[in-house]
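Can you keep this structure in mind? I'll have questions shortly.
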Amino acid sequence: MKYESHKAAATQEYGSSADARGIWLQCAVAAVVYLLFAGSIALGQQRPNEYQVEAAYLYNFGRFVEWPAKSSPPQNSSFNICVLGEDPFGHALDATLAGETIGKQRVTARRISSPQMAVDCQILFISSSEANRLNKIIEALDKNAVLTVSDIPQFSQRQGMIQFVLEENRIRFEVNLTATQRAGLALSSELLKVATVVRKNPQPGD
């Protein structure tokens with residue numbers, strides 16, 4: 001089956017939006033998930049879990065975000081998607097990123113133990129194991145050009161940039177646009193159209 005056929009099948013399987021708003025991102029994520037786990041689906045095994053879908057989102061976020069030129073890594077370096085804290089992805093993140101590139105840079109997965117180690121990360125997933133010290137992590141990353149992502153509750157209301165949420169048994173996400181702009185990151189209109197919530201100048205408790 002050709003890639004476009006995989007994309008169409010995955011869109012149907014994972015309930016991607018059929019309208020024009022953000023269809024490229026939805027199809028890209030669905031296609032990655034389908035291609036990685038098509039064998040299991042064909043055998044009637046359990047559908048990909050939430051972290052397998054989130055891993056596909058992490059990769060595709062890199063294709064819909066523009067980093068400031070001064071913070072862009074050299075062309076011969078890698079595009080790093082990092083995990084801070086306990087890793088919930090297991091092999092799923094490595095499998096998703098294997099052989100992939102973003103802007104001609106090889107995409108790699110890294111696991112780090114402190115926010116100070118995120119200096120070489122373009123995307124940082126903050127594990128739920130770090131919920132109790134989230135404020136300190138966000139402060140340590142303040143104004144750094146690192147896209148922060150998490151599924152910690154109220155993450156986007158606590159100055160996190162993208163928060164995964166579960167709606168109708170599907171992985172969706174919220175965006176804190178103020179936080180991304182403060183870090184100098186430019187999110188594409190396609191990405192914002194897919195977000196369930198786009199927060200601007202959010203106040204605590206919003």
Side-chain angles (χ1 to χ4, degrees), residues 25 28-29 32-33 36-37 48-67 71 73 77-98 100-103 105-167 170-177 179-180 182-185 187-188 191 194-197 199:
L25 176 61
V29 171
V32 170
V33 173
L36 285 171
F37 306 105
N49 64 39
E50 62 181 288
Y51 286 109
Q52 291 167 335
V53 177
E54 289 179 10
Y57 265 118
L58 289 177
Y59 164 64
N60 280 284
F61 287 155
R63 301 170 58 195
F64 289 85
V65 176
E66 182 177 343
W67 278 259
S71 66
S77 65
S78 58
F79 184 102
N80 297 316
I81 298 179
C82 304
V83 178
L84 174 61
E86 296 179 6
D87 180 11
F89 297 101
H91 180 64
L93 184 59
D94 301 273
T96 300
L97 304 183
E100 298 292 350
T101 60
I102 292 178
Q105 294 174 309
R106 181 172 56 88
V107 184
T108 62
R110 293 181 54 195
R111 279 77 177 176
I112 62 176
S113 57
S114 73
Q116 289 74 23
M117 298 173 65
V119 63
D120 294 323
C121 303
Q122 281 68 54
I123 298 176
L124 176 65
F125 180 86
I126 302 174
S127 171
S128 59
S129 66
E130 309 305 295
N132 291 337
R133 62 177 188 135
L134 179 59
N135 290 344
K136 292 183 178 179
I137 293 172
I138 296 297
E139 290 175 5
L141 297 171
D142 187 44
K143 296 183 180 179
N144 287 340
V146 179
L147 182 72
T148 57
V149 185
S150 184
D151 54 9
I152 294 174
Q154 299 186 323
F155 182 72
S156 67
Q157 297 168 258
R158 298 171 63 185
Q159 301 307 310
M161 297 179 189
I162 297 181
Q163 176 186 340
F164 287 125
V165 293
L166 189 63
E167 293 189 357
R170 297 173 183 169
I171 301 297
R172 297 290 186 258
F173 61 90
E174 302 176 354
V175 172
N176 183 325
L177 193 60
T180 62
R182 186 170 61 247
L185 304 178
L187 276 60
S188 74
L191 183 66
V194 176
T196 59
V197 175
R199 302 184 186 280

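Side chains are part of it too, since the values below use all heavy atoms of this structure and drop only hydrogens, waters and symmetry mates.
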query = To the nearest 0.5 Å, how far apart are CD1 in Ile162 and CG in Leu147?
reply =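 Interatomic distance, Ile162 CD1 to Leu147 CG, rounded to 0.5 Å: 4.5 Å.
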
request  = For Thr196, enumerate each residue passing the side chain to side chain contact (heavy atoms under 4.5 Å, CB included) test, keeping only those at least two apart in sequence or located in another chain.
outcome  =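 With sequence neighbours excluded, Thr196 shows a side chain to side chain contact (heavy atoms under 4.5 Å, CB included) to Val165, Glu167, Arg172, Glu174, given in chain and number order.
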
ask   = Can you name the side-chain hydrogen bond (donor to acceptor under 3.5 Å, both in side chains) partners of Asn144, sequence neighbours left out?
value =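 So Asn144 forms no side-chain hydrogen bond (donor to acceptor under 3.5 Å, both in side chains) with any residue.
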
inquiry  = I want to check something: taking the side chain as every heavy atom from C-beta on, are Asp151 and Phe155 in contact at a cut-off of under 4.5 Å?
reply    =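 Side-chain contact under 4.5 Å: no.
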
query = How many angstroms lie between CZ in Arg110 and CG in Asp87, if you round to the nearest 0.5 Å?
reply =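 Arg110 CZ to Asp87 CG: 13.5 Å, rounded to 0.5 Å.
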
Interatomic distance, Gln52 atom CD to Leu93 atom CG [nearest 0.5 angstrom] =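 If we round to the nearest 0.5 Å, Gln52:CD and Leu93:CG are 11.5 Å apart.
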
request  = Measure the shortest side-chain to side-chain distance between Ile123 and Trp67 over non-hydrogen atoms and say whether it is less than 4.5 angstrom.
outcome  =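 They are in side-chain contact.
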
From CD1 (Ile102) to CG (Leu97), nearest 0.5 Å =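 So the gap between those two atoms works out to 8.0 Å.
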
task = Would you list the pairs meeting disulfide (SG to SG under 2.5 Å) in which at least one residue belongs to residues 125-166, sequence neighbours left out?
result =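 Disulfide (SG to SG under 2.5 Å) check on residues 125-166 returns no pairs.
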
inquiry  = Atom CG of residue position Asn132 - does it have more than 12 heavy atoms of other residues, nucleotides or ligands inside 6.0 Å?
reply    =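 Atom CG in Asn132 is not packed in, count stays at 12 or less.
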
key: Exercise: identify the closest heavy-atom pair between Gly62 and Phe79   =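 What the structure gives for the nearest pair is CA-CZ, 3.9 Å.
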
ask   = With Thr180, which residues qualify under side-chain hydrogen bond (donor to acceptor under 3.5 Å, both in side chains), at least two apart?
value =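 With neighbours one apart ignored, the set is empty.
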
request  = Please work out whether the ring planes of Phe173 and Phe61 are parallel, tilted or perpendicular, with thresholds of 30° and 60°.
outcome  =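 Plane angle over 60°, so perpendicular.
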
ask   = What distance separates Ile137 CD1 from Ile126 CD1, expressed to the nearest 0.5 Å?
value =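 The CD1 atom of Ile126 is 5.0 Å from CD1 of Ile137, to the nearest 0.5 Å.
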
ask   = What heavy-atom pair brings Asn176 and Gly160 nearest, and what distance separates the two atoms?
value =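 Minimum heavy-atom contact is CB-O, 3.0 Å.
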
inquiry  = According to side-chain hydrogen bond (donor to acceptor under 3.5 Å, both in side chains), who are the partners of Asn135, at least two apart in sequence or on a separate chain?
reply    =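 Asn135 satisfies side-chain hydrogen bond (donor to acceptor under 3.5 Å, both in side chains) with Arg158 only.
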
ask   = Quick one: salt bridge (Lys or Arg N to Asp or Glu O under 4.0 Å) partners of Arg106, sequence neighbours excluded?
value =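 So Arg106 forms no salt bridge (Lys or Arg N to Asp or Glu O under 4.0 Å) with any residue.
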
task = Output every pair passing salt bridge (Lys or Arg N to Asp or Glu O under 4.0 Å) with a member in residues 115-141, not counting sequence neighbours, ordered by first then second residue.
result =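 Every salt bridge (Lys or Arg N to Asp or Glu O under 4.0 Å) pair that includes a residue of residues 115-141, provided the two are not neighbours, is Glu130-Arg133.
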
ask   = Under the side chain to side chain contact (heavy atoms under 4.5 Å, CB included) test, which residues partner Ala118, sequence neighbours left out?
value =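 Partners of Ala118 by the side chain to side chain contact (heavy atoms under 4.5 Å, CB included) criterion, ordered by chain and then number, come out as Ile112, Cys121, Leu124, Leu141.
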
Ring pair (Phe, Tyr, Trp, His ring centres under 6.0 Å) partners for Phe89, two or more places apart =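 Listed in chain order: Tyr51, Phe125.
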
request  = Please name the pair of heavy atoms, one in Thr108 and one in Ser78, separated by the smallest distance, quoted to 0.1 Å.
outcome  =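 For Thr108 and Ser78, the tightest heavy-atom pair comes out as OG1-OG, 3.6 Å.
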
query = Which atom names give the shortest non-hydrogen contact between Ala109 and Asp94, and what distance separates them?
reply =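 Heavy atoms only, the tightest pair is CB-OD1, 3.8 Å.
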
query = Any idea which heavy atoms bring Ile171 and Glu50 closest together, and the distance?
reply =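 Heavy atoms only, the tightest pair is CD1-CB, 3.5 Å.
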
query = Which pair of heavy atoms, one from Ile152 and one from Ser127, lies closest together, and at what distance?
reply =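 It is CD1-O, 3.5 Å.
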
message = I'd like to check the side-chain hydrogen bond (donor to acceptor under 3.5 Å, both in side chains) partners of Gln163; sequence neighbours left out, ordered by chain and number.
response =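 In terms of side-chain hydrogen bond (donor to acceptor under 3.5 Å, both in side chains), with neighbours along the sequence ignored, Gln163 is linked to Ser156.
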
query = Can you tell me how far the CD atom of Glu100 sits from the CG atom of Asn60, to the nearest 0.5 Å?
reply =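 Reported to 0.5 Å precision, the distance equals 8.5 Å.
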
query = With Ala140, which residues qualify under side chain to side chain contact (heavy atoms under 4.5 Å, CB included), at least two apart?
reply =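 Listed in chain order: Pro115, Gln116.
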
Note, Arg182 side chain near Gln159 side chain (heavy atom, < 4.5 Å) =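 Yes - at least one pair of side-chain heavy atoms lies under 4.5 Å apart.
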
key: Qualifying residues under side chain to side chain contact (heavy atoms under 4.5 Å, CB included), relative to Ser113, sequence neighbours excluded   =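 Met117.
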
